[in-house]
Amino acid sequence: MGTLPHPEAFVRWFRQAAPYVHAFRGRTFVIGFGGELVAERARFVSFVHDLNLLAALGIRLVLVHGARPQIDAEMRAKGLRSRFARGLRVTDAASLVAVKHAAGVLRVEIEALLSQGLPNSPMAGARIRVASGNYITARPLGVLHGTDFQFTGEVRKVDGAAIARHLEAGELVLVPHIGYSPTGEVFNLSWEDVAESVALALKADKLLLLTDKLPTSRKGEPLHELTARAAEALLKKPGQPPHAARVLKSALRALAGGVGRVHLVARRADGGTLLELFTHSGVGTMITADPLEKLRPAKIEDIGGILALIEPLEADGTLVKRSRELFEREIGNFHVIEHDGVIVGCAALYPFPAEKSAELACLAVAPEYRDAGYGERLLQACQAHAGAQKIRRLFALTTRAAHWFIAQGFREADVSALPERRQSLYNWRRGSKVFLKRI
């Protein structure tokens, strides 16, 4: 058995992944991807290994696949030319034959990969059972902007109950880009439309869409988080590629219909699905109906998260060590910033009403968020809370954050400026500097 190059980092990551493992067990994830991923054999095999891990963790999986490159290859082999309009294939009778053939071949190939179970491989002992079928009722797209799309269709209805029964039985459900009409016609659908519709029918906890291009900021930097409102604004900007626009529209409709989260994941990122799901920062773009970040008064359930946040600062002497019992008694004094369910910032306000003063204490922000203005926001929340209590003066004691407090409008003062009761508790051995601010 080989040794890990960085075992400490692996152990640290594995421990940090534990909350996600607990949160995801029994949840329903719909994962949509185009035929481009399947065409890249080595990349798709790695992706299947990742799916096996998700299934082993008790996640209920529905896979939705497309087949554009496979259909194009079928068309070329028959000397036929592919036609597209508004980013969608125009499926005539000859194209439909290629669509059926490509979809059938892909289903067999995907099921074969999911059926692996070789010893000494990531699929050892997997025994993934795959269910597929006629879950999608479709209708023709019709004539749009002067183009008759013929056998290109759109989802009319999803048999969510049938899919749910397979999931309850512990099976992975495979849904192709094919739909059927009540009259027995076959329609070629966009996989984004199918993935969105399946996620809506199941009220899925997550919809993951593997795409070529993630949304970026004006500076060209990847956007790791978007609210639905921000995604809508992005869609209104000119120059959006048809596929990128289609993915964003599907994401927004899914969120509006009750899907918990939509994740856009770069399909070429090795292990991108695992990294997006099991690391706090992720590697893709998570789109949510509401902002992920909440600043709120702390609750007793937050104590574990607060302790995890401040323990490194207590260890290096930045903060004074407090017992869990003390936190339980004083939790009403705290505000926290929660980011997607994880406590990433906290601060406490201890009032001294007789002196119309209050102490700002236990201010801590997770390292990866210290440049995001979270400390300033916690300070503002504490100031507003103090003002509501007729407090006129804030003070703070610090050994290592003097410059930050000065930048926030505090001025250095002598210990004698503290309320008398707080002076009696001052630790002269620690030698903290005192800072005051009038509010």
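Worth saying up front: this structure is predicted, and the values here are computed from it rather than measured.
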For the residue pair D290 and T288, confirm or rule out a side-chain donor-acceptor distance under 3.5 Å.
no
Can you see whether S82 engages R89 through a side-chain donor-acceptor pair at a distance of less than 3.5 angstrom?
yes
F14 meets the ring pair (Phe, Tyr, Trp, His ring centres under 6.0 Å) criterion, sequence neighbours left out, with F10
Is E232 salt-bridged to K236, going by a charged N under 4.0 Å from an acidic O?
no
Looking at D193 and R246, is any side-chain nitrogen of the basic one under 4.0 Å from a carboxylate oxygen of the acidic one?
no
Any salt bridge between D212 and R267, counting N to O under 4.0 Å?
yes
Between the side chains of D205 and R60, is the shortest nitrogen-to-carboxylate-oxygen separation below 4.0 Å, so that they form an ion pair?
no
Can a salt bridge be assigned to the pair K294 and E338 using a cut-off of 4.0 Å between side-chain N and carboxylate O?
no
Per-pair distances, 0.1 Å, donor-acceptor, side chain in residues 93-103, under 3.5 Å, sequence neighbours excluded:
unit_1 : atom_1 : unit_2 : atom_2 : d
S95    : OG     : D92    : OD1    : 2.7
H101   : ND1    : E74    : OE1    : 3.1
H101   : ND1    : E74    : OE2    : 2.5

Just checking D270: does its CG atom have more than 12 heavy atoms from other residues, nucleotides or ligands closer to it than 6.0 angstrom?
no
We want to know whether T137 and R156 form a side-chain donor-acceptor pair, criterion being a heavy-atom distance below 3.5 angstrom.
no
Do other residues, nucleotides or ligands put more than 12 heavy atoms under 6.0 Å from the NZ atom of K249?
no
Is R296 salt-bridged to D302, cutoff N-O under 4.0 Å?
yes
Kindly say whether A298 contributes a backbone atom to a donor-acceptor pair with the side chain of H335 at under 3.5 angstrom?
no
Are E328 and R324 close enough for a salt bridge, meaning some N to O gap below 4.0 Å?
yes
